[in-house]
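Below, each value reflects all heavy atoms present in this structure, side chains not excepted, and no hydrogens, waters or symmetry copies. Since we're looking at a predicted model, the values are computed, not measured.
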Amino acid sequence: MKLSMPLTYAGNPRETADQLAGLEKAGLDRIWVAEPYGFDSPTLMGYLAAKTETVEIAAGILNIYSRTPGALLQTAAGLDNVSGGRAVIGLGASGPQVIEGFHGLPYDKPLGRTREILDLLRRGLRREALTSDGIYKIPLPADQGLGLGKPLKLLNKPERADVPLWVAALGSKNVEMTAECADGWLPFLFHPDKAKDVWGEAIAAGVAKRAPELGPLQISAGGMVAIGEDVKGMLDFMRPMYALYVGGMGARGKNFYNELACQYGYEKEAQEIQDLYLGGNKRDAEAKVPLEWLEAGNLVGPASYVKERIAAFQEAGCTELSVIPASDDPAATMAQVKEWIS
């Protein structure tokens with residue numbers, strides 16, 4: 001089981017990035033770099049590549065709308081080169097609030113776009129000419145431009161032809177497509193004890209159509225880790241994030257994370273959280289996040305309990321534990337977790 005961490009920062013990401021060398025020595029295998037509508041991920045990934053030697057540098061995630069397939073190909077190949085073959089590209093549809101509100105693009109056909117982009121990236125990394133006649137028209141048809149477009153292959157030779165391509169997905173159809181086509185799956189707000197009930201059928205359906213050369217589906221999930229007898233109250237630090245996504249990351253009737261909470265069996269709480277959050281009562285919304293969910297989705301408590309949670313993530317099919325160390329010595333916490341999962 002691999003050990004990873006999302007790059008979390010408030011304000012200046014360099015301050016967190018500069019701590020990565022110590023975490024790398026402690027056994028960190030992979031760092032995931034998000035970008036929602038903050039700093040772009042590839043710039044930070046290049047910075048991290050220069051600061052580290054062995055840790056894999058992963059985009060978690062690049063949305064499939066604001067960059068063309070050609071630009072995503074250039075990013076994947078470029079990052080893999082500067083990192084010496086340590087790049088991982090996480091892709092996802094993000095959400096309409098970000099895509100339409102920040103990027104000014106229509107949020108349409110997310111599954112079809114993701115499937116096409118995965119195929120285009122794989123072919124492009126093999127230095128095949130970039131061509132598509134699906135949602136993406138590459139080269140652009142003559143009647144839609146100057147008529148001068150021609151198929152082109154990547155100018156430089158990529159470090160690897162098989163840069164790992166992961167997909168962030170929540171809905172059953174998207175998860176099924178991910179299990180069929182992607183190297184790995186990035187769920188969010190993962191509840192390992194309920195994962196099979198929510199996604200088991202979708203994953204099985206996708207894996208049944210999976211090409212053998214892709215190998216087994218990889219899954220990365222986890223949460224905050226704090227080890228000790230007096231750390232249970234630290235779960236409250238996760239309440240704002242859960243409340244933000246379930247209550248405020250989307251509109252009524254169009255919030256993927258609220259739907260996820262309902263799938264987990266928290267319909268009543270999901271409605272209350274959304275009503276309170278959208279009404280401006282964020283603190284009250286945070287108080288409604290089910291403690292059961294927080295306890296199951298994070299690794300906070302005595303060593304024996306944290307080990308039980310690790311086992312639960314493994315039982316749910318996770319091949320990678322992604323954690324946020326909450327301690328005065330993050331490297332020591334990472335080293336301890338690494339020992340337990342090795």
Shared hydrophobic cluster, Y242 / V231 (ILVMFWY, side-chain heavy atoms < 4.5 Å): yes
Side-chain (E100) to main-chain (Y107) donor-acceptor, under 3.5 angstrom: yes
Check: E201/S172 side-chain N/O donor and acceptor closer than 3.5 Å: no
E24/K338 salt bridge by N-O under 4.0 Å criterion: no
Nearest atoms (heavy-atom pairs only) where C262 meets E267: O-OE2, 3.4 Å
Over 12 foreign heavy atoms within 6.0 Å of CD, Q314: yes
Side-chain (R113) to main-chain (A93) donor-acceptor, under 3.5 angstrom: no
Separation of N281 CG from D284 CG (nearest 0.5 Å): 5.0 Å
Hphob cluster co-occupancy, I324 + Y257, side-chain heavy atoms under 4.5 angstrom: no
Ion pair check, K194 and E292, cut-off under 4.0 Å: yes
K268 atom NZ: more than 12 heavy-atom contacts under 6.0 Å: no
From OG (S132) to CD (E116), nearest 0.5 Å: 4.5 Å
Exercise: do T52 and R86 side chains pair donor with acceptor under 3.5 Å: yes
pair L62-L72: side-chain heavy atoms closer than 4.5 Å: yes
S66 backbone acceptor or donor facing N63 side chain under 3.5 Å: yes
Parallel, tilted or perpendicular, as decided by the 30° and 60° cut-offs, for the rings of W199 and F190: parallel
R115 CZ to T178 OG1 distance, which is reported to the nearest 0.5 Å: 9.5 Å
Linked, directly or transitively: L125 and Y136 (ILVMFWY side chains, under 4.5 Å): yes
Spacing of OG1 belonging to T114 relative to CG belonging to D119, to within rounding of 0.5 Å: 12.5 Å
More than 12 heavy atoms of other groups within 6.0 Å of F237 CZ: no
More than 12 heavy atoms of other groups within 6.0 Å of R14 CZ: no
L294 side, atom CG; H191 side, atom NE2 - distance, nearest 0.5 Å: 9.5 Å
N255 versus E259, side-chain donor and acceptor atoms under 3.5 Å: no
Side-chain donor-acceptor pair present, E320, W32, cut-off under 3.5 Å: yes
Full working for side chain to side chain donor-acceptor pair (under 3.5 Å) between D18 and Y47: CA-CA 10 Å; D18 289 344; Y47 181 79; 2.9 Å; yes
Heavy atoms from other residues, nucleotides or ligands near CD of E53 exceed 12 (cutoff 6.0 Å): no
Beyond-backbone contact of T319 with M1, side-chain heavy atoms, under 4.5 angstrom: no
Cluster overlap I341 with F313, hydrophobic side-chain contacts below 4.5 Å: yes
Heavy-atom donor-acceptor pair, R126 side chain to A161 backbone, under 3.5 Å: no
Shortest non-hydrogen contact from T75 toward P42: CG2-CG, 3.8 Å
Donor-acceptor under 3.5 Å (R309 side chain, G222 main chain): no
K209, NZ: over 12 other non-hydrogen atoms inside 6.0 angstrom: yes
Separation between CG of L321 and OG of S220, rounded to the nearest 0.5 Å: 8.0 Å
Pair R252 + D275, salt bridge at N-O below 4.0 Å: yes
Ionic contact status for D162 with R122, cut-off 4.0 Å: no
Heavy-atom closest contact (R210 atom, P216 atom, distance): NH2-O, 3.7 Å
Any donor-acceptor N/O pair, K137 side chain to G134 backbone, under 3.5 Å: yes
Proximity of Y245 and F188 rings by center, below 6.0 Å: yes
Modelled atom types, side-chain donor and acceptor of Y277 and E286, under 3.5 Å: no
M45 reachable from W166 in the ILVMFWY side-chain graph, under 4.5 Å edges: no
Side chain to side chain, V300 and V306, heavy atoms closer than 4.5 Å: no
Expected output: side-chain D29 to main-chain L3 donor-acceptor under 3.5 Å: yes
Minimum side-chain heavy-atom gap L235-E295 below 4.5 Å: yes
Closest heavy-atom pair and its distance - S41, E35: N-OE1, 2.8 Å
Nearest non-hydrogen partners of A26 and A331, listed with the distance: CB-O, 3.3 Å
Side-chain touch P69/I138, heavy atoms, less than 4.5 angstrom: yes
Ion pair R239/D236, N-O distance below 4.0 Å: yes
Polar side-chain atom of D80 near backbone of A87 as donor-acceptor pair, under 3.5 Å: yes
Backbone N/O of L165 and side chain of D183: donor-acceptor pair under 3.5 Å: yes
